[in-house]
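One structure below.
Atom set for the values below is all heavy atoms of this structure, side chains included, hydrogens, waters and symmetry mates excluded.
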2 protein chains.
Amino acid sequence: MSDKLKLTNQVCFPLYQLAKEVINLYRPILKDLDLTYPQYLVMIVLWEEGRQNVSEIGTKLHLDSGTLTPLLKRLEQKKLIQRKRNQIDERIVTISLTGHGKKLREKASCVPDQIVASLKMTTNELQQLQNVIGNILNQINK
Amino acid sequence: MSDKLKLTNQVCFPLYQLAKEVINLYRPILKDLDLTYPQYLVMIVLWEEGRQNVSEIGTKLHLDSGTLTPLLKRLEQKKLIQRKRNQIDERIVTISLTGHGKKLREKASCVPDQIVASLKMTTNELQQLQNVIGNILNQINK
DNA sequence: CACGATTAAATCGTGCACAACTTAATTTTG
DNA sequence: CAAAATTAAGTTGTGCACGATTTAATCGTG
């Protein structure tokens, strides 16, 4: 295999690896909140933007109903969210936070701190990484 | 939430997103080989380094037996690999390529080309990304 | 207004990832 | 040498990700 071709593996595998490791950094921290990383992402969307449809959450997190429906059912079982069919358009399910769900935001406020600590990166390095990843995502989706 | 804390989400979510999208780039290409991305990684290890134990593959790919055992069984069902208990140490299962598995290497040789094309990145950009990711992985695991 | 197209969510099936545990073989050590 | 410790792989259970399909509601157009 040529060097150029080998390089692809040497980029994609570490990327796959890094994403897994970062989620593994979240795991023990989020365990205290009884959340997984994707569940945490849904909670962030709801904390920051309030009640919304399943498909709106899906658009923001790039997740389809096949992933979201069971995930949201688990958040509902934990009494963090409420799922309610829209009266006007019965196809739509609106997701809203319960009191318990809103309250969890405080407890979750220290999560990013802990992640930054384990990432061992400066604010500058984080910003650079954000830019690099953002550029690639833009280029892929162009 | 402070800007600094928000930055963590703005880095980790895009990273999680990018890793998913890159694997989604592989999906249709690898479908022609009837492989998933993790299966492809196992095949690469075997193509490049030959027969080895389950645990050696696991160390290289950072996957445990809970992930590898069923994955390897699927590769065996596809007649790409052979699983054989070591005669001397019966705990060890050695994985080796079948003729079919070795032959697949040729067909797979064009995969990185296609990925590079969809990533729309230059060799230079790829090398930079490799360095950035490598540095972070080193720092996390320090 | 009715019927075909579209939309939203749910469902089903496959496969990966990881934690926790089990099983069986081997190694260590008292 | 035998019991305890360790090791390798397998098993079980939970949850995510995604493709494909289904169901039910709504929309659009003739």
Output the rounded distance in Å from [atom1] ([X]) to [atom2] ([N]).
X: B:Gln87; N: C:dA25; atom1: CD; atom2: P; answer: 13 Å
X: B:Arg85; N: C:dA25; atom1: CZ; atom2: C1'; answer: 9 Å
X: A:Arg91; N: D:dA25; atom1: CZ; atom2: P; answer: 10 Å
X: B:Leu71; N: C:dC18; atom1: CG; atom2: C1'; answer: 14 Å
X: B:Glu56; N: D:dA9; atom1: CD; atom2: C1'; answer: 14 Å
X: B:Arg27; N: D:dG19; atom1: CZ; atom2: C1'; answer: 8 Å

Discussion item. Taking the minimum atom-to-atom distance to the side chain of B:Lys31, which one of D:dT6, C:dA9, D:dA20 wins?
Written reply: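 Nearest listed nucleotide: D:dA20.
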
Worksheet item: Taking the side chain of B:Val54 as its heavy atoms from C-beta onward, which of C:dA19, D:dA9, D:dG15 lies nearest to it?
Response: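 Nearest listed nucleotide: D:dA9.
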
Worksheet item: Residues from residues 11-26 of chain B sitting under 4.0 Å of DNA chain C, heavy atoms only?
Response: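 Per residue number, the list is empty: none.
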
Whether [X] side chain and [Y] backbone form a donor-acceptor pair below 3.5 Å:
X: B:Asn53; Y: B:Glu56; value: no
X: A:Thr98; Y: A:Gly101; value: yes
X: A:Arg51; Y: A:Leu97; value: no

Worksheet entry | Whichever of B:Asp89 and A:Lys73 has its nearest DNA chain C nucleotide further upstream toward 5' |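 Closest to the 5' end, via its nearest nucleotide, is A:Lys73.
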
Worksheet item: Can you tell me if the side-chain N/O atoms of B:Arg83 get under 4.0 Å from OP1 or OP2 in D:dG10?
Response: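 True: B:Arg83 side-chain N/O within range (under 4.0 Å) of D:dG10 OP1/OP2.
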
Fill in: Residues touching DNA chain D, which here means a heavy atom under 4.0 Å, drawn from residues 57-68 of chain B
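Here the set is B:Ser65, B:Gly66.
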
Worksheet item: Can you tell me if A:Asn135 and B:Glu125 form a side-chain donor-acceptor pair at under 3.5 Å?
Response: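 Their side chains do not contain a donor-acceptor pair, so the 3.5 Å distance test is not met.
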
Item to complete: With the side chain counted from C-beta on, respond yes when A:Leu104 and A:Leu35 share a heavy-atom pair under 4.5 Å apart, and no when they do not.
Response: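 A side-chain contact under 4.5 Å exists here.
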
Discussion item. Check this for me: A:Lys84, atom NZ, are more than 12 non-hydrogen atoms of other residues, nucleotides or ligands nearer than 6.0 Å?
Written reply: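 Atom NZ in A:Lys84 is not crowded, with 12 or fewer foreign heavy atoms closer than 6.0 Å.
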
Practice prompt. Report which part of the nucleic acid B:Ile88 touches: base, sugar-phosphate, or nothing (heavy-atom distance under 4.0 Å, all strands).
Written response: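 Contact class for B:Ile88: sugar-phosphate only.
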
Worksheet item: Cluster question for you: counting only ILVMFWY and a side-chain heavy-atom cut-off of under 4.5 Å, with indirect links fine, are A:Leu7 and B:Leu25 together?
Response: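 Same cluster: A:Leu7 reaches B:Leu25 through Ile, Leu, Val, Met, Phe, Trp or Tyr contacts under 4.5 Å.
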
